[in-house]
Amino acid sequence: MIEKNGYIRDLFRQPLGAPVAALGWVKTRRDSKGVHFIQLNDGSCFQDLQVVVEAGAIPEATLLHATTGACLRVSGELIASPGAGQAVELKAREIHVYGPADPATYPLQKKGHSMEFLREIAHLRTRSNTFGAVFRVRNALSFAIHKFFQERGFIWVHAPIISGSDAEGAGRMFQVTTLDLMNVPRQGGQIDYTQDFFGKSTNLTVSGQLEAEIFALAFSNVYTFGPTFRAENSNTPRHLAEFWMIEPEMAFCDLDGNRKLAEAFLKDIIAHVLDHCRPDLEFFNKRIDPTVLETLEHVAASSFEHVTYTEAVRLLEKARDQGRAWEFPVFWGADLQSEHERYLTEEVFRKPVVVTDYPKEIKAFYMRLNEDERTVRAMDVLAPRIGEIIGGSQREERHDVLLSKIRAQGLREQDYWWYLELRKYGTAPHAGFGLGLERMMMYLTGMKNIRDVIPFPRTPGSAEF
RNA sequence: UCCUCAGUAGCUCAAUGGUAGAGCAUUCGGCUGUUAACCGAAGGGUUGUAGGUUCGAGUCCUACCUGAGGAGCCA
């Protein structure tokens, strides 16, 4: 393996003349009469190591296999580079080819590929500039998220992946079963789940929130960070069937505290990535979206806008009165559509906007009812270009109010027996929110399709790799 | 799931209903230091699939498949 300080990114900092060895994959190669240039990358940083092979230094038979895509170990000496693109380069004394790559069939070439094509070769796209940068940023982002919460004393909760709750109310779920689908046991016309693995019907989790609430009412501040699954037939650049979600949950916290934490959180993780992935972000800014760097720096430094749902509706009505044509009608009580969210965040405020206090009818049962009895303490953080990036709320901590809302929405209270008991024994005001990791990745990188910010995207009709 | 657009060489794309092309990639040759290197040549095609219209279909029609964009659902 590559030792602690032996990555290519470390080699750039070694003194000139040092004997070094580099391991990695050939990104591209240029030949001239007396000299060959091999760009080597091990994934540790955006910049490739330029390997210089002088005529006669390496056997022809070896060089023949050191083509684009091949895996090499190159040993030699670090020297100052006379060329323009790099300060140092590796003068090769010896090259070992771990694995050649037939140039006639290796699909990655020097010119740019479409994201659609790269998606079809997800086993190789990891070696491209774009996806190298994407997954280094994804790693830095994940680390920044843990760091933010750990520094504040939050406990990381491993919420279950297999969920026994059959009524979480967040879209269609993937069923988990060991029943023989060719011969499903039945009891009175219904499927007999008592014979299933868990003795009941189970699904992949759509949210760890309810479990996080259990932990918040014991560990005060907690967060989940793990995969989530939605079986919705969504075909958009913003949806996946399997995605990662971060859900902090705080006891002794109201909507204001929730909103402030969300803002501090977003700014902090953006600052961390700006700090640790500069060359990758510069690449995104140059090749993917020329506004990325400016936007991130602006967001990290400025305060978010905050409007209530009622104020947001007023702004949208005002726009309509001034001639703006909305595809979907705007009135108090209607849910905000994509076009409305984008107008607020992209045109009115031009930065993230937090919308709070939505009508109770359009939000989930567990959100705390306001004194006006018409709105609930919900919040959505809307970001330019990608829409809702965070959704959260102060939770209903009053047992009787929660029970009446469960009944009013036609939910079966026995499905929520433990959720209700939390309100019966030592309840406390609490709040939390959910952040879609991939949505955040899109915001950070400027990548336009969510399938290109996760290693192996799962979407309707597609689970290759 | 609905609406719209697209599918031609390994990749990105051309081609009035009338002989299927270019750039890059690949192979070969050339060039003393390149930076998506450069110069020259060559090979490379069941035009997504199945039908249909036509003397003739990459091009028009129908169905299906695949991909993308928009909408809904949501993170």
Side-chain angles (χ1 to χ4, degrees), chain A residues 27-39 47-56 64 67-69 79-86 89 91 101-121 124 128-129 168-172 206-209 224 227-247 286-287 327-328 335-339 341-342 362-364 380-383 386-392 433-443 448-454 459-462 464:
Chain A
K27 190 167 281 172
T28 178
R29 166 180 165 166
R30 296 173 294 276
D31 300 293
S32 125
K33 174 97 176 168
V35 62
H36 311 271
F37 299 94
I38 295 171
Q39 301 284 130
Q47 174 144 32
D48 304 318
L49 176 68
Q50 175 161 282
V51 173
V52 186
V53 181
E54 291 180 349
L64 203 63
T67 54
T68 303
I79 58 171
S81 176
Q86 58 286 316
E89 60 192 23
K91 186 176 167 184
D102 182 0
T105 56
Y106 187 66
L108 285 176
Q109 52 187 60
K110 279 171 198 172
K111 274 212 156 185
H113 295 92
S114 66
M115 293 300 158
E116 292 80 10
F117 172 68
L118 290 170
R119 216 171 286 148
E120 289 168 9
I121 52 165
L124 296 172
S128 66
N129 284 330
E168 295 189 40
R172 284 183 58 85
V206 293
S207 163
Q209 181 200 315
T224 70
T228 333
F229 308 87
R230 303 275 167 92
E232 291 292 345
N233 191 8
S234 297
N235 292 287
T236 84
R238 303 177 303 280
H239 290 87
L240 291 165
E242 176 184 291
F243 62 99
W244 287 61
M245 199 152 65
I246 296 96
E247 295 172 297
K286 191 171 149 198
R287 288 290 174 88
E327 191 182 336
F328 293 87
D335 206 355
L336 300 183
Q337 302 291 322
S338 289
E339 57 171 343
E341 296 181 348
R342 294 180 70 142
I362 59 175
K363 288 294 182 183
D380 284 354
V381 181
L382 312 177
I386 53 176
E388 184 183 336
I389 192 167
I390 277 180
F433 60 83
L435 169 81
L437 183 71
E438 288 77 18
R439 294 269 172 93
M440 191 63 206
M441 279 294 295
M442 294 173 76
Y443 194 64
K448 283 163 193 61
N449 192 313
I450 199 165
R451 296 156 201 159
D452 299 323
V453 296
I454 189 166
T459 51
S462 172
E464 193 67 48

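In this text, all values refer to a predicted model and were calculated from it rather than measured experimentally. Every chain is numbered from 1 and lettered A, B, ... according to where its sequence line falls, protein lines coming before strand lines.
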Assess whether one donor atom and one acceptor atom, taken from the side chain of A:S234 and the base of B:C73, lie less than 3.5 Å apart. yes
Taking any heavy-atom pair under 4.0 Å as a contact, classify A:Y443: base, sugar-phosphate, or nothing. nothing
Quick one, A:E464 and A:E120 - any side-chain contact, counting heavy atoms below 4.5 Å? no
Whether the side chain of A:D102 engages the backbone of A:A104 through a donor-acceptor N/O pair (distance < 3.5 Å, no angle test) should be reported. yes
For a quick check, tell me whether the side chain of A:R172 and the base of B:C74 share a donor-acceptor pair closer than 3.5 Å. no
Please identify each residue that fulfils side chain to side chain contact (heavy atoms under 4.5 Å, CB included) with A:Q337, with sequence neighbours left out. A:F328, A:E339, A:H340
How far, in whole Å, is B:A68 from B:U26 if one measures between their C1' atoms? 29 Å
Presence of donor-acceptor pair under 3.5 Å, side chain of A:H239 and base of B:C74: yes
By nearest heavy atom, map A:W244 and A:L108 onto RNA chain B; which one lands nearer the 5' end? A:L108
Treating A:T68 as the side-chain partner and A:Q109 as the backbone partner, does any N or O pair qualify as donor plus acceptor under 3.5 Å? no
Atom pairs and distances, donor-acceptor, side-chain atoms in residues 436-443 of chain A, under 3.5 Å, two or more places apart:
{"unit_1": "A:E438", "atom_1": "OE1", "unit_2": "A:W244", "atom_2": "N", "d": "3.0"}
{"unit_1": "A:E438", "atom_1": "OE2", "unit_2": "A:R138", "atom_2": "NH1", "d": "3.0"}
{"unit_1": "A:E438", "atom_1": "OE2", "unit_2": "A:R138", "atom_2": "NH2", "d": "2.9"}
{"unit_1": "A:E438", "atom_1": "OE2", "unit_2": "A:W244", "atom_2": "N", "d": "3.4"}
{"unit_1": "A:R439", "atom_1": "NE", "unit_2": "A:R238", "atom_2": "O", "d": "3.1"}
{"unit_1": "A:R439", "atom_1": "NH1", "unit_2": "A:E388", "atom_2": "O", "d": "3.1"}
{"unit_1": "A:R439", "atom_1": "NH2", "unit_2": "A:R238", "atom_2": "O", "d": "3.0"}

Give a yes or no on whether a donor-acceptor pair under 3.5 Å exists between the nucleobase atoms of B:G72, that is its base, and the side chain of A:Q337. no
From A:Q50 atom CD to A:T28 atom OG1, the distance as rounded to the nearest 0.5 Å: 10.5 Å
Can you check whether A:R29's main-chain N or O pairs, donor with acceptor, with A:K110's side chain at less than 3.5 Å? yes
So which protein N/O to nucleotides 48-50 of chain B N/O distances come out below 3.5 Å?
none

Is it true that a side-chain atom of A:E232 and a backbone atom of A:R172 form a donor plus acceptor pair closer than 3.5 Å? yes
Could you run down nucleotides 31-40 of chain B 5' to 3' and tag each one B, S or - for protein heavy-atom contact under 4.0 Å? BSBBBBB---
Whole-angstrom distance between B:U8 and B:G67, as gauged at atom C1': 16 Å
Applying the Watson-Crick and G-U criteria (both distances under 3.5 angstrom) with [ ] for crossing and | for other-strand pairs, one obtains for RNA chain B (((((((..((((....[..)))).(((((.......))))).....(((((..]....))))))))))))....
Please identify each residue that fulfils side chain to side chain contact (heavy atoms under 4.5 Å, CB included) with A:A364, with sequence neighbours left out. A:Y366, A:M367
Applying a 4.0 Å non-hydrogen cut-off, can you work out what A:T236 is touching in the nucleic acid: base, sugar-phosphate, or nothing? base
Here the gap from A:I450 atom CD1 to A:T459 atom OG1, rounded to the nearest 0.5 Å, amounts to 11.0 Å
Would you kindly compare A:L64 and A:D335 by the position of their nearest RNA chain B nucleotide and give the one closer to the 5′ end? A:L64
Whether A:R451 side chain and A:P237 backbone form a donor-acceptor pair below 3.5 Å: no
